[in-house]
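What follows is a structure written as structure tokens; I'll ask about it next.
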Amino acid sequence: MQIIVSEAKDGAGRRTGRVPPREGPWRARRAGQPRRRIEAELIQLLPERSVSKGLSKATHKNKLQQNRFNLQLVKPNEQEELQSLICLIRQEELYCTAGVESAMSFDTLTMKAITDELRNELTGAPVQKVYEPERNEIIIHLYSHGSQPGLLLSIDPSYARVHLTEKRSPGKEQPSPFCMLLRKYLVGGRAASFSNPPLERILEIEFDPPEGLPPVKLIAEIMSRRSNIILVDKIGTILGAAKTASWDKNPARVIMPGEKYQPPPAQNKLNPLEMEFSQFANTFSESITSSKPEKALFSSVGGVSPLAARELLHRAGWQNKNHDQAMPALFEEIKDLFKKSEAGSLQPVMLPDEGIYAAMNLTHLPEEKQQKWESINKMLDHFYSSLISGHREKMLEDQLRSTVEKRLTALLKKRRLQKKELQDAADAPKHRLYGETLLAFGHQVPRGASSVNLPDIYNPGKQVTVPLKPSKTAAANAQDHFNRYRKAKSGQEKIKKQLRKTRSEIEYCRSLLYTIETNNADGLEEVKQEMIESGLLREKKKAARKKESAPQPLNYKASSGRTILIGKNNRQNDYITFKAAVRRDTWLHAKGIPGSHVILKEAPYPPPEEDLEEAAFLAAYHSKGRESSAVAVDYTEVRHVRRRPGGKPGFVFYENYSTITVNPQDEEMRKRFNL
């Protein structure tokens, strides 16, 4: 998987390509965290030499400086740290590239709005369950007003956040010691209060304990890669933490059981609720001389994220006014925003197409793209569910495609070698001729010769050039040629059989690539399971398998009302052809190209013309020929379709078929099936 460390974007936030090292935004940086230090942290994670790739650390460093990095070259237990560092780089680049607004969306305004909602809805709610669905995630189930909301606390480096969630995935079979500690102190207790330190991305939850245990406080610090969840007692002594930090790692702030909890260091910024105009004007004016307005505002005023900074500048008309005139307006906009935040009167919005959300309305972005939500918890749950689902789908797609492409490359090389072997085997009669010629005219062979011209025993008057091994006699050379003849002849059929098998596997890999490109998350999971069963992927851990549900192929209705089934992957193709269909149903498939099996049910054979055209159109549309204007589609009765002996799922032979040509670009057909 390739991680883009630095990327250029235009004013609308669209990627315009990789930034060349000498022209990248890092050249313009004058403040903040230097990229050199972050790169140094990245390089420390690299192995001295990657055995699998044979690359030195210097080579890895060069790749990093070219703004691309291969995550697979890093040890599995260090990949999370690498990802978090890359996230930090992206956040720092916010001030150097346009359009990167979602890097720090979970800001202090968001945390304040979240805390207000939690205080209103969950104060006094009993804790029923604590579980750990994934690493870096804790969900606390509480009982409130007849429902069981789940409070999600995530310290994932890329998706650190806090919000209520409808997520109901099962917990890990072996929860972490920290999760077990939370169960001990929280389950059976009640959430007594929710608070948020001013201008901090920190949530503090005090719990009235179960009987026999002391009161505790759970502190969720949502700070990108430095996020943490810490449990302390009533006097602030740390009982446990999701991430610990000893003295040698962080002398300024130790996070270890038994130590006194210390909040994150305060930032040297102005308090937007208490600052005077003169303070703001002096600090902001000083910062703006060396930075862009967004970064200067972020660096000067506490609680202002890069996204909020851009919004405030827009509201104050910074781009359209003289800066001396805009300064008072900007000051008032900052005051007004944080007063509304304190009063809980902000309107959360989300721009799904841009991957952005905020606790307030974003006037600097198109209003028609913004979705307004009454509950910020529900908005964040929806936003991150979609975001993480899409990310995991992309990761799985990349993993499967990479595995198949690697196997396909090996198979193509194997086919070339097998063809060469087959060609060599086709020369077997020559070796028999050489052997017989040497036996007949061995007395004419000079000692130590590497070849000799002898009469052709089958074509009088002609000669044949016989290759020799100089160290052997004529009789020994004859025996060598006879051995090569016998070996080539016996191996010819074996090579042909292996070549047929290799071609079948190549065809299977190409069909997998098509399936991977055209499937969603659920379909990709089926493809993954198919690849595990076929040996292309290894199953990491043998856990108790869940009962597999029946495949869910696409289901369309023809104009006549008849059902048309379409397989989305090879397993579904196999299912609809040999389980869901009956012998008299019509089976269709695009001719000679990867595509889906299609079953037209409940129709006599040959099917009515309209039904046939619609089913054939769907077969062409769900094939690699989708973008063509004409695709040939074969069709026959299901009883004439059979599995290939020892073949992969979905690979079949068929006979007694007819062919129809259709246009998968037909707009009328596409509208009919909402494609």
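Basis for what follows: all heavy atoms, side chains included, without hydrogens, waters or symmetry-related copies. What you see is a predicted model, and the numbers here were worked out from it, not measured in a lab.
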Side chains of Val652 and His597 in contact at under 4.5 Å (non-hydrogen atoms): yes

Tell me, please, which residues at least two apart from Asn555 pass side-chain hydrogen bond (donor to acceptor under 3.5 Å, both in side chains). none

Nearest heavy-atom pair of Ile576 and Gly567: which atoms, and what distance? CD1-N, 3.4 Å

Pick one: which of Leu408, Leu412, Thr409 meets side-chain contact (heavy atoms from CB on, under 4.5 Å) with Cys509? Leu408

What residues, two or more places apart in sequence or in another chain, satisfy side-chain contact (heavy atoms from CB on, under 4.5 Å) together with Pro175? Glu132, Cys179, Met180, Arg183

Do Leu554 and Leu565 have side chains that approach each other closer than 4.5 Å (heavy atoms only, starting at C-beta)? no

Is there a side-chain contact between Lys568 and Asn573 (heavy atoms, below 4.5 Å)? no

Would you sort out whether Arg484 and Asp480 count as a salt bridge (charged side-chain N to carboxylate O under 4.0 Å, His left out), showing the intermediate values? CA-CA 6 Å; Arg484 292 179 68 181; Asp480 277 353; over 6 Å; no

Crowding at NZ, Lys557 (>12 non-hydrogen neighbours, <6.0 Å): yes

If you apply the rule ring pair (Phe, Tyr, Trp, His ring centres under 6.0 Å), what do you find for Phe482 with Tyr485, and how did you get there? CA-CA 5 Å; Phe482 282 130; Tyr485 164 72; 7.6 Å; no

With a 4.5 Å limit on heavy-atom distance, are the side chains of Leu618 and Leu675 in contact? yes

Applying salt bridge (charged side-chain N to carboxylate O under 4.0 Å, His left out) to Arg584 and not counting sequence neighbours gives Glu637

Using side-chain heavy atoms (C-beta onward) and a distance below 4.5 Å, is Leu600 in contact with Leu612? no

Within the structure provided, determine whether Arg639 and Asp585 are in side-chain contact (heavy-atom separation under 4.5 Å). no

Please say which of Arg500, Arg415, Arg510, Arg407 ends up in a side chain to side chain donor-acceptor pair (under 3.5 Å) with Glu505. Arg407

Closest non-hydrogen atoms of Gln572 and Ile566, given as atom of the first, atom of the second and distance, are OE1-O, 4.2 Å

Validation row: Thr403, Leu537 side chains within 4.5 angstrom (heavy atoms): yes

For the side chain of Lys369 and the backbone of Glu354, is there at least one donor-acceptor N/O pair under 3.5 Å apart? no

Would you indicate whether Glu655, at its atom CD, is surrounded by more than 12 heavy atoms from other residues, nucleotides or ligands within a distance under 6.0 Å? yes

Which residues share a side-chain hydrogen bond (donor to acceptor under 3.5 Å, both in side chains) with Lys430, sequence neighbours left out: none

Do Leu396 and Lys528 come within less than 4.5 Å of each other through their side chains, counting heavy atoms only? yes

Would you check if the distance from the ring center of Trp587 to the ring center of Tyr635 is below 6.0 Å? no

Is the shortest side-chain N to carboxylate O distance from Glu397 to Arg401 below 4.0 Å? yes

What pair of heavy atoms forms the shortest contact from Ala615 to Val598, and how long is it? O-CG1, 3.9 Å

Run the salt bridge (charged side-chain N to carboxylate O under 4.0 Å, His left out) test against Lys167 and tell me which residues pass, sequence neighbours left out. Glu134, Glu137

To check you understand the geometry: which heavy-atom pair defines the closest contact between Leu400 and Leu524, and what is its length? CD1-O, 3.6 Å

Could I get the full list of salt bridge (charged side-chain N to carboxylate O under 4.0 Å, His left out) partners for Lys624, not counting sequence neighbours? none

Is the centre of the Tyr434 ring less than 6.0 Å from the centre of the His481 ring? yes

Nearest heavy-atom neighbours spanning Ile139 and Leu152: CG1-CD1, 3.7 Å

Should Lys591 and Asp634 count as an ion pair when the cut-off is N to O under 4.0 Å? yes

In sequence, state the C-alpha distance, the side-chain angles, and the governing distance for Tyr621 and Tyr556, and then conclude on ring pair (Phe, Tyr, Trp, His ring centres under 6.0 Å). CA-CA 13 Å; Tyr621 182 84; Tyr556 292 96; 8.7 Å; no

